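Heads up: the structure comes next, in C-alpha cells.
Per chain, numbering begins at 1; letters A, B, ... match sequence-line order. All values reported here derive from a predicted model rather than from experimental measurement.
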Amino acid sequence: MVTPEPFDLDLTVRSHGWYDLAPWRWDGERQVLARPVRLSTGRVVDAEVVPAPGGLAFRAAARGRLSAAEAREAEAALARSLALDEDLAPFRTRAAALERERTSGRRPELPDLRWALGRGAGRLLRSPTVFEDAVKTLCTTNCSWALTRLMVSRLCEKMGESGPRGDPGFPTPKAMAGRPERFYREEIRAGYRAPYLRALARQVAEGELDLEALRTTTEPPEAISKRLRALAGFGPYAAEHLLRLLGRHGHLALDSWTRATLARRRGKKRVPSDRTFLRWYAPYGEWAGLAMWLEATTAWHGEGPPEPP
DNA sequence: GCGTCCAGGTCTACC
DNA sequence: GGTAGACCTGGACGC
C-alpha cells in the first residue's frame with residue numbers, strides 16, 4: 001500500500017479516539033492496525049496494515065479463499081480509513097505560511113504546529129463507512145468516553161458479523177434498523193440516544209439517506225452541515241465532527257473536551273468563549289478545524305510542552 | 001454503600 | 001435568537 005509523504009501510521013491511528021473503539025484493534029508496540037471489514041459480497045474479512053518499506057503492508061484473512069477483487073476491496077477500505085486519499089498539501093502550505101507569521105511575532109495567537117508540519121500530521125482515522133462514523137459520533141455525545149466505548153462495543157457484539165478471527169465487526173444499517181428502540185435502550189444502554197440510532201439506521205437501510213455520497217459531494221460544507229443537522233440527534237458538535245471525518249475542516253466541532261484542553265494548553269484560567277476560539281483559528285480558513293484539532297491533540301503525540309494538570 | 005456530579009450535547013418550550 | 005431544563009448512562013468522587 002503506497003502512502004503519501006510524509007506519513008506516520010501511529011500519528012494517523014491515534015489522531016483521535018476511533019482506534020480505541022470496536023471493532024478497531026491497535027497494537028501500538030507492533031504498529032498493527034486491524035479490524036473486520038464487510039465486503040460488498042457480504043463476506044466479512046479480517047484486514048490489517050503494518051508499516052513496511054515504502055508504505056504499508058496489507059494482509060487479509062477470510063473463511064475460505066479470498067479472491068483478488070475481494071482483497072483489493074478490503075485494502076481500499078483500510079486506505080480510505082487512513083485518509084490516504086486526502087490531499088493535505090493546501091493545508092501544509094497555509095500552515096507553513098502562518099507558522100512564519102507566528103514565529104515572527106506578528107500573530108502570537110496562532111497555534112504552534114511545527115511538529116505537525118514536520119511529521120505530516122493531519123490525517124484522521126475514519127471508519128470504512130460514513131454510517132459507522134455517524135453512529136459512533138452519536139455515541140460520543142453528552143457522555144464520558146468510557147460510556148462511548150461501552151455502547152459501541154455492545155453494538156458490535158450484539159449485531160455485528162464476525163470475521164475468521166471471531167471478533168464481531170460493525171453492524172450494517174439493515175441489522176440496526178431491524179431492532180426496536182427498546183433494544184437500544186435496554187441492550188445497548190444508549191438512553192435517550194436510542195431513537196436517534198434507530199432512525200439513522202432505518203433511513204440509511206431504506207435508501208432515504210445516502211451518507212456515503214457525502215464523501216464525494218461537491219456541495220459546500222455549510223450545505224452538508226445543514227443536511228446533517230436535519231438528522232435527529234445531530235446538533236452543532238455532531239455535525240461538525242462528522243464533517244471533520246469527511247475531510248471538511250472549516251468548522252471547529254468544539255466540545256467540552258477540546259474547549260477545556262485548549263484553555264489549559266494556553267494557560268487560560270477560564271474557558272474562552274466560542275467566539276475567541278473561532279478568532280484564534282480563523283486565519284486557517286477552510287483548515288481552521290484541523291489546526292484547532294492538531295493543537296488540542298499535541299500532547300497525545302509526545303509534542304509540545306507538558307500540559308498543565 | 002450511597003448520593004451527587006458530569007462527561008468529547010441535543011431538543012423543546014418559552015420568552 | 002437566546003436560554004433554561006430535561007434527558008440516559010456509568011465512572012469518579014466525597015462522605
Over all strands shown, is A:Leu254 touching base, sugar-phosphate only, or nothing at heavy-atom distances under 4.0 angstrom? nothing
Pairing nucleotide - C:dC8, Watson-Crick or G-U, each distance under 3.5 Å: none
With DNA chain C as reference, determine whether A:Ser144 or A:Ala190 sits nearer its 5' end, using the nearest nucleotide of each. A:Ala190
Would you mind telling me which of C:dT9, C:dC7, B:dG8 lies closest to the side-chain atoms of A:Asn142? C:dC7
Is the closest side-chain heavy-atom distance between A:Arg114 and A:Arg102 below 4.5 Å? yes
Just by distance, no angles: are the side chains of A:Ser40 and A:Glu73 close enough, under 3.5 Å, to form a donor-acceptor pair? yes
For B:dG8, the Watson-Crick or wobble counterpart (both distances under 3.5 Å): none
Assess, by modelled atom type and distance only, whether the side chains of A:Thr137 and A:Thr140 contain a donor and an acceptor separated by less than 3.5 Å. no
Can you tell me how far C1' in C:dA6 sits from the matching atom in B:dC6, rounded to whole Å? 15 Å
For A:Arg185 and C:dC8, is the shortest distance between a side-chain N/O and OP1 or OP2 below 4.0 Å? yes
Whole Å only: how far is the CD atom of A:Glu187 from the P atom of C:dC8? 17 Å
Whole angstrom is fine here: how far is it from CG in A:Leu138 over to P in B:dG8? 17 Å
Consider the side chain of A:Arg193, meaning its heavy atoms from C-beta on, and name the nucleotide among B:dG9, B:dG8, C:dC8 that approaches it most closely. C:dC8
For the side chain of A:Arg189, counting heavy atoms from C-beta on, which of C:dT9, B:dA7, C:dC8 is nearest? C:dT9
What's the separation between atom OG in A:Ser162 and atom CZ in A:Arg63, rounded to the nearest 0.5 Å? 6.5 Å
Inter-nucleotide C1' distance (C:dC7, B:dC5), Å rounded: 15 Å
Please measure how far the P atom in C:dC8 lies from the corresponding atom in B:dA13, and state the result in whole Å. 15 Å
When rounded to whole Å, the CG to P distance for the pair A:Asp255 and B:dG9 reads 5 Å
Are A:Arg266 and A:Glu295 close enough for a salt bridge, meaning some N to O gap below 4.0 Å? yes
Can you tell me the distance, in whole Å, between the CE atom of A:Met151 and the C1' atom of B:dA7? 11 Å
Residue closer to the 5' end of DNA chain B, A:Arg244 versus A:Tyr196 (nearest nucleotide): A:Arg244
Evaluate the ring-ring contact (aromatic ring centres under 6.0 Å, His included) criterion for residues A:Trp24 and A:Tyr19: first the C-alpha distance (whole Å), next the side-chain angles of each, then the deciding distance (0.1 Å), finally the verdict. CA-CA 6 Å; A:Trp24 286 109; A:Tyr19 75 95; 9.6 Å; no
DNA chain B nearest-nucleotide lookup for A:Arg229 and A:Thr258: closer to the 5′ end is A:Thr258
Touch check for A:Ala260, heavy atoms < 4.0 angstrom, all strands: base, sugar-phosphate only, or nothing? nothing
C:dT9 C1' sits how many Å from A:Glu186 CD, rounded? 14 Å
For atom CG of A:Asp274 and atom P of B:dG9, their distance in whole Å: 12 Å
So what does A:Ala194 hit on the nucleic acid, given a heavy-atom distance under 4.0 Å: a base, only sugar-phosphate, or nothing? nothing
Is the ring of A:Tyr237 stacked on the base of B:dG8, with centres less than 5.5 Å apart and planes under 30° off? no
Mind checking whether A:Trp257 and A:His16 have ring centres under 6.0 Å apart? no
Applying a 4.0 Å non-hydrogen cut-off, can you work out what A:Leu231 is touching in the nucleic acid: base, sugar-phosphate, or nothing? sugar-phosphate
Reckon A:Arg149 touches a base, only the sugar-phosphate, or nothing at all at heavy-atom distances under 4.0 Å? nothing
Starting from C1' on C:dG1, measure out to CZ on A:Arg275 and report it in whole angstrom. 13 Å
Residue A:Ala146, side-chain atoms from C-beta onward, closest of C:dC8, C:dG11, C:dG10: C:dG11
Of the candidate nucleotides B:dG8, C:dG10, C:dC7, which contains the atom at the shortest distance from the side chain of A:Tyr192? C:dC7
Can you tell me the distance, in whole Å, between the CZ atom of A:Arg259 and the P atom of B:dG9? 8 Å
Sugar-phosphate, base or nothing in reach of A:His16, heavy atoms under 4.0 Å: nothing
